[in-house]
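Throughout, a chain's letter reflects where its sequence line sits, starting with A, and its residues are numbered from 1. Values reported hereafter were calculated over all heavy atoms of this structure, with side chains retained and with hydrogens, waters and symmetry mates removed.
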Number of protein chains: 2
Amino acid sequence: MARKVGSHAGTTGPRVRAAALRLFAREGYAAVSMRAIAAEVGVQAGALYLYTPDKQTLLFDLMREHLEEVRAAWAAVRPDPAPPAERLAAFARFHVNHHIDRPEAVFIAYMELRALTPENFARIEALRRAYEGELEAILREGACSGAFRLPDARLAARALIAMLTGVTTWYRAGGPMSRAEVAEAYAALALRAVGAPA
Amino acid sequence: MARKVGSHAGTTGPRVRAAALRLFAREGYAAVSMRAIAAEVGVQAGALYLYTPDKQTLLFDLMREHLEEVRAAWAAVRPDPAPPAERLAAFARFHVNHHIDRPEAVFIAYMELRALTPENFARIEALRRAYEGELEAILREGACSGAFRLPDARLAARALIAMLTGVTTWYRAGGPMSRAEVAEAYAALALRAVGAPA
DNA sequence: GTCTATATCCAGATAGAC
DNA sequence: GTCTATCTGGATATAGAC
């Protein structure tokens with residue numbers, strides 16, 4: 001434990017997190033050395049420990065910030081009193097648009113769970129489950145009201161989130177489809193998957 | 001380069017690959033040492049190099065074998081002259097059932113692509129694209145015949161494969177749903193997603 | 001706040017005995 | 001076919017100068 005995070009943070013702290021995000025996403029947490037992060041930032045390895053107590057906390061903070069940002073962004077645009085189909089369409093468009101802009105954070109949040117200590121994993125998993133619960137609640141409500149036809153709300157929520165998140169594995173800006181077209185296509189797939197007219 | 005693979009292989013060769021599969025899936029390629037693999041097998045680290053020229057080739061062989069097995073298994077059960085909806089349902093059930101039994105290989109094949117050398121990556125990517133192409137062809141044919149309503153065959157193939165593969169992130173034997181029920185639920189979602197009555 | 005230097009440990013891979 | 005021993009390099013993290 002070197003010191004508390006943030007007490008001296010100027011601009012180097014954010015640059016350390018940005019470099020770690022980029023490198024962890026590209027090479028994987030275990031394959032990235034503190035030396036490599038330091039080189040990306042332009043400081044020596046020892047200086048990193050002014051901004052994070054250790055490498056594990058650096059990873060954990062990146063994941064936590066990503067998941068908290070997703071929840072806050074959805075809470076800000078969520079149509080609250082609205083029919084299930086409209087809420088599902090909004091969720092699908094939001095999820096695709098939000099994730100398409102943060103492929104590195106998404107990659108880390110889904111792929112480096114195994115690199116977390118058990119305590120940190122439990123905290124991240126709770127955040128992930130809370131977000132998944134937002135979709136599950138929409139699906140459950142639609143199933144009850146008869147707007148959706150579902151095999152199982154929990155299974156469908158997991159299936160749809162996997163489908164929507166998958167956009168980050170292939171979408172690149174400058175391709176034949178715009179972000180909005182892609183989001184619309186995924187929303188149409190999601191709506192039809194639960195038996196709602198798209 | 002230590003030696004050619006297989007020339008002395010008795011039972012230790014397969015046990016090395018099984019141990020590597022298990023450990024790479026649990027900890028990640030970069031986080032697993034050759035010593036750890038050796039300990040899992042019950043030999044010394046140096047002995048591993050009788051069965052693989054290096055760690056990279058061990059990973060590549062695991063991925064290649066997995067992808068070749070998927071394609072062969074699908075070729076064996078694929079309903080060839082059949083209407084698109086039936087072929088899509090068969091593909092979805094096959095994909096879920098096949099992947100649900102191999103969560104470790106699936107995890108590695110999708111998560112450790114970045115750990116491959118460029119040459120090895122290109123070869124693995126070609127195999128993955130070929131498999132994706134099987135689904136894409138079904139969707140394209142269904143779209144042409146009017147059986148399916150799709151935004152874009154390529155996008156839909158990617159979206160559906162991501163959705164179906166996602167089953168490996170949560171399904172565990174002994175849960176409330178059987179394998180067959182889960183496969184059926186995913187098949188229903190897939191069929192409806194492309195506008196075919198499930 | 002960043003540096004250099006270093007303690008301590010473990011990595012992949014090879015050599016050669018048995 | 002497996003062992004022990006070892007080469008060489010790089011890892012995380014810390015200490016202390018400036």
Side-chain angles (χ1 to χ4, degrees), chain A residues 1-24 26-62 108 112 114-117 119-120, chain B residues 1-24 26-63 108 112 114-120:
Chain A
M1 289 303 211
R3 53 184 289 286
K4 293 210 184 63
V5 179
S7 62
H8 294 213
T11 66
T12 310
R15 291 181 60 225
V16 168
R17 282 193 291 280
L21 183 78
R22 197 160 48 241
L23 290 174
F24 288 166
R26 194 190 311 151
E27 323 257 358
Y29 172 79
V32 174
S33 68
M34 294 298 270
R35 279 176 177 80
I37 298 171
E40 187 92 348
V41 176
V43 298
Q44 294 297 315
L48 295 182
Y49 293 88
L50 295 169
Y51 305 99
T52 182
D54 50 38
K55 193 184 172 192
Q56 166 73 206
T57 304
L58 191 49
L59 173 66
F60 172 72
D61 285 342
L62 290 174
I108 292 173
E112 299 294 358
R114 63 193 169 188
L116 293 171
T117 61
E119 303 76 35
N120 285 344
Chain B
M1 288 303 212
R3 52 185 291 285
K4 293 209 183 63
V5 179
S7 62
H8 292 215
T11 65
T12 310
R15 292 182 58 225
V16 167
R17 283 193 291 280
L21 183 76
R22 198 161 44 241
L23 290 174
F24 287 167
R26 194 190 310 149
E27 323 258 358
Y29 172 79
V32 174
S33 67
M34 294 297 269
R35 282 172 175 81
I37 298 170
E40 186 93 347
V41 175
V43 297
Q44 293 297 315
L48 295 182
Y49 292 88
L50 296 169
Y51 305 99
T52 183
D54 50 38
K55 192 184 173 191
Q56 166 73 203
T57 304
L58 191 50
L59 174 65
F60 173 71
D61 285 341
L62 290 174
M63 288 193 185
I108 291 171
E112 298 295 356
R114 63 193 168 185
L116 293 171
T117 61
E119 304 76 33
N120 285 343

S.K.: Mind checking side chain to side chain donor-acceptor pair (under 3.5 Å) for Arg26(B) and listing every partner two or more places apart, or none if nothing turns up?
M.R.: none
S.K.: Within residues 27-39 of chain B, find the residues that approach DNA chain C with a heavy atom at under 4.0 Å, and present them sorted by residue number.
M.R.: Val32(B), Ser33(B), Met34(B), Arg35(B)
S.K.: For Arg15(A), which residues count as a side chain to side chain donor-acceptor pair (under 3.5 Å) partner, sequence neighbours excluded?
M.R.: none
S.K.: By side chain to side chain donor-acceptor pair (under 3.5 Å), which residues pair with Thr117(B), not counting sequence neighbours?
M.R.: Glu119(B), Asn120(B)
S.K.: Which one, dT14(D), dA13(C), dC3(C), comes nearest to the side chain of Lys55(B)?
M.R.: dA13(C)
S.K.: Please say which of Leu48(B), Thr52(B), Thr11(B) ends up in a side chain to side chain contact (heavy atoms under 4.5 Å, CB included) with Val16(B).
M.R.: Leu48(B)
S.K.: At how many degrees, to 10°, do the end axes of the helix from dG1(C)-dC18(D) to dC18(C)-dG1(D) meet when each uses five pairs?
M.R.: 0°
S.K.: Just how far, in rounded Å, is C1' of dT14(C) from OH of Tyr51(B)?
M.R.: 17 Å
S.K.: Using the side chain to side chain donor-acceptor pair (under 3.5 Å) criterion, which residues pair with Gln44(B)? Sequence neighbours excluded.
M.R.: none
S.K.: To the nearest angstrom, how far is Leu48(A) atom CG from dA15(D) atom P?
M.R.: 17 Å
S.K.: Suppose we screen for side chain to side chain contact (heavy atoms under 4.5 Å, CB included). Which residues come up paired with Ala31(B), at least two apart in sequence or across chains?
M.R.: Ala30(A), Glu27(B)
S.K.: At less than 4.0 Å, is any side-chain N or O atom of Thr12(A) found next to OP1 or OP2 of dT2(C)? Yes or no.
M.R.: yes
S.K.: Please determine whether a side-chain nitrogen of the Lys or Arg among Lys55(B) and Glu112(B) lies less than 4.0 Å from a carboxylate oxygen of the Asp or Glu.
M.R.: no
S.K.: Test of understanding: with side chain to side chain contact (heavy atoms under 4.5 Å, CB included), list the residues that count as partners of Ala19(A), not counting sequence neighbours.
M.R.: Arg22(A), Ile37(A), Glu40(A), Val41(A)
S.K.: Choosing from dT14(D), dC3(C), dG1(C), which nucleotide comes nearest the side chain of Tyr49(A)?
M.R.: dT14(D)
S.K.: For dT2(D), does OP1 or OP2 lie under 4.0 Å from any side-chain N or O of Gln44(B)?
M.R.: no
